Amino acid sequence: MYKIKNRLKELREKKNWTQKKLADDLNITRQTVYAIEKGTYNPSLLLAFKIARVFKCKIEDIFRLEEQE
């Protein structure tokens with residue numbers, strides 16, 4: 001089984017952005033940002049591309065697939 005891990009909170013905090021600011025930039029809710037950061041929601045491919053664009057990096061720099069036992 002696999003799980004998607006992410007660095008969204010780390011990258012957001014590095015820029016001193018609130019969840020609300022990031023949500024507004026992505027045209028999503030703050031609750032969606034929270035859920036992605038907590039790992040309870042995996043973004044669509046389109047949203048993952050938008051997130052990567054906002055942070056000026058590749059999707060793989062934010063999201064990674066980890067195997068779980």
Side-chain angles (χ1 to χ4, degrees):
M1 177 172 275
Y2 294 94
K3 181 169 175 109
I4 295 176
K5 298 282 190 164
N6 72 76
R7 299 177 52 226
L8 188 59
K9 183 175 182 179
E10 170 192 339
L11 294 171
R12 178 181 59 77
E13 289 179 341
K14 194 179 278 190
K15 292 191 173 282
N16 293 314
W17 291 350
T18 63
Q19 288 178 339
K20 175 80 169 102
K21 191 252 190 272
L22 179 57
D24 289 346
D25 288 351
L26 295 169
N27 198 29
I28 60 175
T29 65
R30 184 202 56 76
Q31 290 85 354
T32 300
V33 172
Y34 174 82
I36 294 170
E37 288 182 354
K38 288 293 184 188
T40 58
Y41 175 76
N42 292 322
S44 67
L45 188 55
L46 176 60
L47 181 53
F49 272 108
K50 288 168 87 176
I51 293 168
R53 181 172 285 168
V54 164
F55 287 104
K56 297 182 171 95
C57 63
K58 294 185 257 179
I59 291 174
E60 304 91 272
D61 294 334
I62 303 170
F63 301 95
R64 69 183 181 280
L65 192 63
E66 289 189 355
E67 192 167 358
Q68 296 209 301
E69 297 177 18

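Worth saying up front: this structure is predicted, and the values here are computed from it rather than measured. What you see below is based on every heavy atom in this structure, not just the backbone, and it leaves out hydrogens, waters and symmetry mates.
Put simply, the residue from E37, E13, Q31 that forms a side chain to side chain donor-acceptor pair (under 3.5 Å) with Q19 is E37. Considering L45, D25, I28, L26 as possible partners of K50, the one that fulfils the side chain to side chain contact (heavy atoms under 4.5 Å, CB included) test is L26.
In this structure, CE in M1 is found 10.0 Å from NZ in K3, a value given to the nearest 0.5 Å. The CG atom of N6 sits 11.0 Å away from atom NZ of K38, with the distance rounded to the nearest 0.5 Å. We find the CD1-NZ distance between I62 and K58 to be 11.5 Å, quoted to the nearest 0.5 Å.
No side-chain heavy atom of L11 sits less than 4.5 Å from a side-chain heavy atom of D61. The closest side-chain heavy-atom distance from D24 to W17 is not below 4.5 Å. A heavy-atom distance below 4.5 Å is found between the side chains of F55 and L8.
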For the pair L47 and I36, evaluate side chain to side chain contact (heavy atoms under 4.5 Å, CB included) and give the outcome as yes or no after the intermediate values.
-> CA-CA 11 Å; L47 181 53; I36 294 170; 4.0 Å; yes
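Within a 6.0 Å radius of NZ in K21, more than 12 heavy atoms belonging to other residues, nucleotides or ligands are found.
Minimum interatomic distance between P43 and A48 (heavy atoms only, all atoms of both residues): CB-N, 4.3 Å.
I59 and L46 fall into different hydrophobic clusters, where Ile, Leu, Val, Met, Phe, Trp and Tyr side chains are chained together by heavy-atom contacts under 4.5 Å. Following chains of ILVMFWY side-chain contacts shorter than 4.5 Å, one cannot reach Y34 starting from I4, and the two form parts of different hydrophobic clusters.
R64 places no side-chain N or O within donor-acceptor distance of the main-chain N or O of K5, the cut-off being under 3.5 Å.
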